[in-house]
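Keep in mind that what you see is a predicted model, and the values were worked out from it rather than measured. Residue numbers begin at 1 in each chain, while the letters A, B, ... track the order of the sequences.
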Protein chains: 2
Amino acid sequence: MATAEVKLTKNQRLVLDLLCASDAPMSAYAILDQLRAEGLRAPLQVYRALDKLIGIGLVHRLESMNAFVACAHPSCHSLEMVGFAICEECGKALEFADSDIAEILSEWAGTNGFLAKSTSIEIKGTCAACQTATEHL
Amino acid sequence: MATAEVKLTKNQRLVLDLLCASDAPMSAYAILDQLRAEGLRAPLQVYRALDKLIGIGLVHRLESMNAFVACAHPSCHSLEMVGFAICEECGKALEFADSDIAEILSEWAGTNGFLAKSTSIEIKGTCAACQTATEHL
DNA sequence: ATATGTTATGTAATAATATAACACAAATAA
DNA sequence: TTATTTGTGTTATATTATTACATAACATAT
């Protein structure tokens, strides 16, 4: 099992499991609320777990939403370039990875002497399901 | 002159001029602080001006920093896809536009039935100047 | 010119997101 | 064992953003 490869602490596991169970990204405070029953009490407990999980590559941060989502490909916990298409209707985030984009960006970086550490690509719009759902209003 | 094409109100002008004069992105509250001398008093005054300027395409929002920057190409105030390479040393943001990336992303959207409204691409790292500056430490 | 609709303004209060600082406990490694 | 690192729990606070409401400025159509 992918997510067992790394030893996680209690808080880290609670946060990761919750994110994996969620069908949409969650804010740090939404995570906290859900985990109060498990004994979490302060924002910092969540933020620290998130920092670690992001560092490992098991969680991604959606910059444009201040929200967090479990990596869709936890097995390949490469920290490679992934992007998200975020539906503004249902709030779900579709993760994608595109090597072509990665290549173009690294080309740009090379040309401009920019040393890239991390990249965030976020598309906002409406997902296929929600477009269909909206059609017959 | 590019920025004269649209009629801006006093607050919008103040915010835009400040961002244009700044060599790096600014937070809303940094903007507010700078404009207290001009009579601005509340965050909302800044946020409202920013919303308008972003809508017009004269300002971009850096999602990963909660900061705002004047568009580098104010003449072509197309709302097309632009990206930023943000230097974590000096804080400056280099704006770029890449039609290849736009194409790949719109291809992905087409294939996945996603209706895209806006896209954010942000690369974090170290700019050429700061790499040079750090070399001889 | 005046009524109407729209857009912008000013202000206060508050919500939502994130971090600093400190003391302590658990796991790891020397 | 001792030292070191890593994680925990807690309080307080910093930073970013919005809600709600009242008023003013401006356009334009009668």
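D51(B) has its CG atom 10 Å from the C1' atom of dA17(D), to the nearest Å. The CG atom of L53(B) sits 13 Å away from the C1' atom of dA8(C) (whole-angstrom rounding). Distance CD1 (I56(B)) to P (dT7(C)): 13 Å, rounded to an integer number of Å. Going from atom CG of D33(A) over to atom C1' of dA15(C) covers 13 Å, rounded to whole Å. Across the protein-nucleic acid pair, L32(A) atom CG and dT19(C) atom P stand 15 Å apart, rounded to whole Å. Atoms CE (M26(B)) and P (dT15(D)) sit 14 Å apart, rounded to a whole Å. Between K7(A) atom NZ and dG7(D) atom P there is a gap of 12 Å when expressed in whole angstrom units. Here the P atom of nucleotide dA17(D) and the CD1 atom of I31(B) are 10 Å apart, to the nearest Å.
In this structure a side-chain-to-backbone donor-acceptor pair under 3.5 Å is missing from E89(B) to T126(B). Without hydrogens or angle criteria, T111(B) side chain to E107(B) main chain gives a donor-acceptor distance under 3.5 Å.
Contact annotation: K10(A) does not reach the phosphate of dG7(D) (side-chain N/O to OP1 or OP2, under 4.0 Å). Using a 4.0 Å cut-off, some side-chain N or O of N66(A) falls inside it from OP1 or OP2 of dA18(C). Between dG7(D) and T9(A), no contact under 4.0 Å exists linking OP1 or OP2 to a side-chain N or O. Contact annotation: R48(A) does not reach the phosphate of dG7(D) (side-chain N/O to OP1 or OP2, under 4.0 Å).
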Would L19(A) and V69(A) satisfy side-chain contact (heavy atoms from CB on, under 4.5 Å), going step by step from the backbone distance to the final call? CA-CA 6 Å; L19(A) 283 178; V69(A) 66; 5.7 Å; no

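The side chain of L44(B) lies closest to dT11(C), out of dA18(C), dT11(C), dT28(C). Side-chain proximity of Q45(B) to the nucleotides dA18(C), dA8(C), dT11(C) is greatest for dT11(C). Of the candidates dA18(C), dA8(C), dA17(D), the closest approach to any side-chain atom of A28(A) belongs to dA18(C).
Here Y47(A) does not pack flat against the base of dT19(C), since the 5.5 angstrom centre distance and 30 degree tilt limits are not both met.
Interatomic distance, K124(A) NZ to T119(B) OG1, rounded to the nearest 0.5 Å: 10.5 Å.
A donor N or O paired with an acceptor N or O is not found under 3.5 Å between the base of dA14(D) and the side-chain atoms of Y29(B).
The side chain to side chain contact (heavy atoms under 4.5 Å, CB included) test applied to S27(B) returns Y29(B), A30(B), not counting sequence neighbours.
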